Novice: 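Have a look at the structure that comes next, please.
Numbers restart at 1 for each chain; the letters A, B, ... are given by sequence-line order, proteins then strands. Values in this document were obtained by computation on a predicted structure and should not be read as measured data.
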Number of protein chains: 2
Amino acid sequence: MSDFKIKNMDDFASVSGISRPTISKYFNDADSVRKSTRERIEKALERYDYQPNFYAMNQNRRLTKNVGIVIPYMADPHFAEIARNVENHVIEAGYRPVVLGSQGNPEQEIENLNNLRLLKPAGVLLAPIGRMSDARRIADFCKDVPTVLFDANIEDVGEAFIGMNNNQSIGLIVEYLCRTGEPPAFFEMLTPSNPNALKRRNAYVNSMERLGHTPHLIQVEGEGWDFEEIGFREGSRVIADRMLSTDTVLCSNDRLAIGFLSAAYQHGLRVGLGPSCALRVAGHDDHPFSRYTCPTLTTVSQDYAAISARSAETLFTLIDTEQRASSREVTLYDGKLVMRGSA
Amino acid sequence: MSDFKIKNMDDFASVSGISRPTISKYFNDADSVRKSTRERIEKALERYDYQPNFYAMNQNRRLTKNVGIVIPYMADPHFAEIARNVENHVIEAGYRPVVLGSQGNPEQEIENLNNLRLLKPAGVLLAPIGRMSDARRIADFCKDVPTVLFDANIEDVGEAFIGMNNNQSIGLIVEYLCRTGEPPAFFEMLTPSNPNALKRRNAYVNSMERLGHTPHLIQVEGEGWDFEEIGFREGSRVIADRMLSTDTVLCSNDRLAIGFLSAAYQHGLRVGLGPSCALRVAGHDDHPFSRYTCPTLTTVSQDYAAISARSAETLFTLIDTEQRASSREVTLYDGKLVMRGSA
DNA sequence: ATTATATTTTTACGCGCGTATATATTTTGA
DNA sequence: TCAAAATATATACGCGCGTAAAAATATAAT
């Protein structure tokens with residue numbers, strides 16, 4: 001590697017002995033130049049440490065290879081894992097992922113989309129915050145940029161939605177819990193920010209009624225994204241006030257369940273299956289931490305792999321055909337029961 | 001808000017009746033224009049939805065208000081919390097934060113710095129991955145951009161380092177554990193990627209010897225960033241093989257401790273303080289999850305607030321004085337003992 | 001070898017904005 | 001009221017790169 005400092009494409013064109021437009025063409029698509037030219041460029045690339053300015057590149061390009069990935073919350077391991085998964089698909093398909101987290105803030109979500117717009121992305125994979133999302137402005141964005149929604153749906157927004165079948169997954173675990181013990185109560189936030197939570201609530205009620213049981217909703221107060229804290233605080237209250245009419249609790253998601261488990265432990269309630277246990281607790285999502293709780297958490301796993309693969313594929317098809325989907329396609333994947341120690 | 005679509009600064013200059021250079025000046029520093037002009041611009045801003053293209057803005061600016069924040073791992077709630085903290089300071093100081101995660105990958109870390117360079121940042125706050133970091137290239141970066149290191153130190157790299165005093169914090173908890181029960185064994189990874197881990201190991205050995213005890217290091221295999229998994233797997237092995245010569249285990253960090261706690265639970269070992277307990281487990285960092293483990297985790301808290309505040313302040317001073325620090329300043333903050341249920 | 005075709009080079013302009021300079025206009029101070 | 005100081009405008013060029021069109025060159029086909 002030479003020590004001559006190359007600061008832009010002109011410099012690199014000079015030292016490589018190739019014209020700048022051809023260099024530009026190469027970086028856009030390495031196979032669009034003659035093989036011998038390509039080799040000359042790549043030989044120069046080995047000697048000189050140059051890579052085009054990403055932002056200047058996108059400034060005047062009709063269409064880039066950028067794909068935006070927007071998730072509701074970076075610090076949530078659940079979303080972090082999904083993002084990583086999606087990111088890999090994007091890279092494999094030869095696109096460049098740009099991952100942004102909205103920190104549970106709808107304004108940040110819109111700003112993320114605005115920032116992405118400046119990068120002229122070929123498409124965007126968006127997991128919306130949910131109920132609080134600014135649906136109108138997201139819809140505006142989708143008019144300009146091919147966008148596939150995943151994880152959380154917003155009606156009629158985006159070209160497609162890929163998520164999980166909450167009806168099936170909740171049905172699955174409710175059925176399991178009823179079959180192996182007392183019918184579960186449903187522990188959830190009263191006003192959840194995530195639309196999946198509402199679907200799960202309904203699915204729980206339906207499943208219980210179908211099985212001939214009376215649904216019992218435990219709806220607790222709480223705002224924001226600190227679900228463990230809410231699960232712990234409200235779980236403690238529920239246990240202390242003896243508000244449980246059953247020994248089985250199904251939590252709307254694993255993070256609530258993690259907090260609830262901690263509350264149960266604090267109150268000396270042994271959680272698990274055996275006759276020595278006072279309580280069964282189940283979650284939903286198969287959160288990365290759910291295998292390290294005490295006891296380990298019985299839950300329903302989301303098919304991360306399928307959801308992220310299908311989301312990415314759908315977007316790439318959209319990009320390749322260069323036309324908007326005639327009808328908005330909704331794909332829901334079934335969950336799988338993950339039996340662990342807590343229920 | 002008018003529906004006329006403003007697509008660039010020229011458009012906005014037209015509709016606001018102000019020349020583009022003045023508009024540009026305003027966006028760079030709102031107070032650099034006459035008050036009456038400023039009001040006219042802001043009135044126009046209310047009517048028309050315009051904001052300058054962030055990337056084009058940075059392209060030809062001598063110095064921007066951007067501040068890069070780079071952390072080792074986005075999905076780790078510990079770093080996510082630090083990042084959020086630092087970010088707030090940056091915003092308060094009137095700078096624009098750009099947060100990037102390196103996903104534990106040294107190449108990604110360098111790429112993050114390269115990307116930041118294109119944004120012409122006023123400065124960068126960098127929490128390096130650690131041992132695996134490409135120290136040479138990071139040092140190169142620091143030559144061009146004022147950079148303050150935090151959380152993990154790299155010798156002589158960056159203008160300053162702000163972190164925690166591992167000597168003090170480990171000393172604190174070792175002393176506490178020895179005072180209230182058997183002296184602890186130290187559970188850690190054999191080849192940790194984080195330099196703090198090495199400091200903690202030494203601090204443990206020193207503390208033990210100072211108190212007249214024989215140090216007992218349990219060094220387990222494991223690569224990567226899945227600390228809970230390592231803590232669980234190796235913790236299980238250690239317990240099953242009866243490799244513990246004491247009933248007290250101090251883990252090098254909370255994430256390992258979380259895995260270890262889970263292993264202990266699985267093996268039917270009751271963790272905690274009372275006479276009915278078979279094991280005491282302590283961690284280090286006060287990870288956001290450590291208050292929800294079963295039992296809750298006794299640990300040493302990092303002074304997040306102080307570390308992030310000082311890191312930001314140090315960088316801003318550096319930026320304002322426009323000169324490099326004459327000597328590299330290292331500031332270490334003491335940890336606080338957080339007594340919970342596990343030890 | 002000659003023609004047809006594919007690729008590269010030259011030249012020029014565009015993206016959205018920063019910034020410098022000369023000039024025009026306001027505001028301020030006495 | 002009038003000159004001095006402060007601020008705004010017009011104009012022009014730069015950042016690093018995309019892209020279009022015509023001219024020049026290399027490769028393929030006959």
Side-chain angles (χ1 to χ4, degrees), chain A residues 5-42 44-45 48-66 96 114-122 144, chain B residues 5-42 44-45 48-66 96 114-122 144:
Chain A
K5 189 65 195 165
I6 281 152
K7 61 177 219 306
N8 57 29
M9 202 178 267
D10 267 315
D11 283 3
F12 182 70
S14 301
V15 299
S16 64
I18 307 228
S19 73
R20 191 177 65 74
T22 303
I23 305 276
S24 171
K25 206 146 173 284
Y26 167 85
F27 276 110
N28 185 292
D29 174 9
D31 288 319
S32 68
V33 301
R34 200 188 290 145
K35 194 168 152 235
S36 61
T37 312
R38 177 176 167 171
E39 279 160 3
R40 283 170 65 200
I41 295 177
E42 279 164 0
L45 235 30
Y48 300 94
D49 179 27
Y50 168 73
Q51 72 185 69
N53 183 318
F54 177 67
Y55 303 109
M57 219 169 89
N58 296 325
Q59 181 139 19
N60 196 25
R61 209 172 238 176
R62 300 209 182 295
L63 196 60
T64 69
K65 288 272 182 186
N66 303 328
R96 166 159 182 158
N114 283 337
N115 273 336
L116 278 179
R117 205 199 290 264
L118 302 179
L119 297 180
K120 311 249 173 78
D144 302 339
Chain B
K5 188 64 195 165
I6 282 154
K7 62 177 220 304
N8 57 28
M9 202 178 267
D10 268 314
D11 283 2
F12 182 70
S14 301
V15 299
S16 65
I18 308 230
S19 73
R20 193 177 67 74
T22 304
I23 304 275
S24 171
K25 207 148 171 282
Y26 167 84
F27 276 110
N28 186 294
D29 175 9
D31 288 318
S32 69
V33 300
R34 198 187 293 147
K35 195 169 152 237
S36 60
T37 311
R38 176 176 167 174
E39 279 161 4
R40 283 169 63 201
I41 294 177
E42 279 165 0
L45 234 30
Y48 299 94
D49 178 29
Y50 168 72
Q51 73 184 69
N53 183 318
F54 177 68
Y55 303 109
M57 221 169 87
N58 297 325
Q59 182 137 18
N60 195 26
R61 212 172 236 175
R62 300 208 182 294
L63 197 59
T64 69
K65 288 273 181 185
N66 303 327
R96 167 159 182 157
N114 283 337
N115 272 337
L116 277 179
R117 203 196 291 263
L118 302 179
L119 298 179
K120 312 248 171 77
D144 303 337

Novice: For B/Arg61, give me all partners under salt bridge (Lys or Arg N to Asp or Glu O under 4.0 Å), at least two apart in sequence or on another chain.
Specialist: none
Novice: Donor-acceptor pair, distance only, cut-off 3.5 Å: does the side chain of B/Thr64 make one with the backbone of B/Asn58?
Specialist: no
Novice: Ignoring backbone atoms, establish whether B/Thr22 has a side-chain N or O less than 4.0 Å from OP1 or OP2 of D/dT9.
Specialist: yes
Novice: Applying side chain to side chain donor-acceptor pair (under 3.5 Å), which residue pairs with at least one partner in residues 7-17 of chain A are found, sequence neighbours left out?
Specialist: none
Novice: At under 4.0 Å between heavy atoms, how does the protein contact nucleotides 10-21 of chain D? Give one character per nucleotide, 5' to 3', with B, S or -.
Specialist: -BB-BBBBBBS-
Novice: What pairs of donor and acceptor atoms, side-chain ones from residues 20-28 of chain A against any protein atom, are under 3.5 angstrom apart with sequence neighbours left out?
Specialist:
residue: A/Thr22; atom: OG1; partner: A/Ser19; partner atom: OG; Å: 3.0
residue: A/Lys25; atom: NZ; partner: A/Ser32; partner atom: O; Å: 3.0
residue: A/Tyr26; atom: OH; partner: A/Glu42; partner atom: OE2; Å: 2.8

Novice: What residues, two or more places apart in sequence or in another chain, satisfy salt bridge (Lys or Arg N to Asp or Glu O under 4.0 Å) together with A/Arg34?
Specialist: none
Novice: How far apart are the closest heavy atoms of B/Arg38 and B/Ala30, and which atoms are they?
Specialist: CD-O, 3.5 Å
Novice: Could you tell me whether the side chain of A/Lys120 and the main chain of A/Gln59 form a donor-acceptor pair under 3.5 Å?
Specialist: yes
Novice: Rounding to an integer number of Å, can you tell me how far A/Arg40 CZ sits from C/dT9 C1'?
Specialist: 12 Å
Novice: B/Leu118 versus B/Tyr55: any side-chain heavy-atom pair under 4.5 Å?
Specialist: no
Novice: For nucleotides 25-30 of chain D, print each protein N/O atom paired with a nucleotide N/O atom at under 3.5 Å, atom names and distance only.
Specialist:
none

Novice: B/Asp29 has an atom CG; how far is it from atom C1' of C/dG18, in whole Å?
Specialist: 14 Å
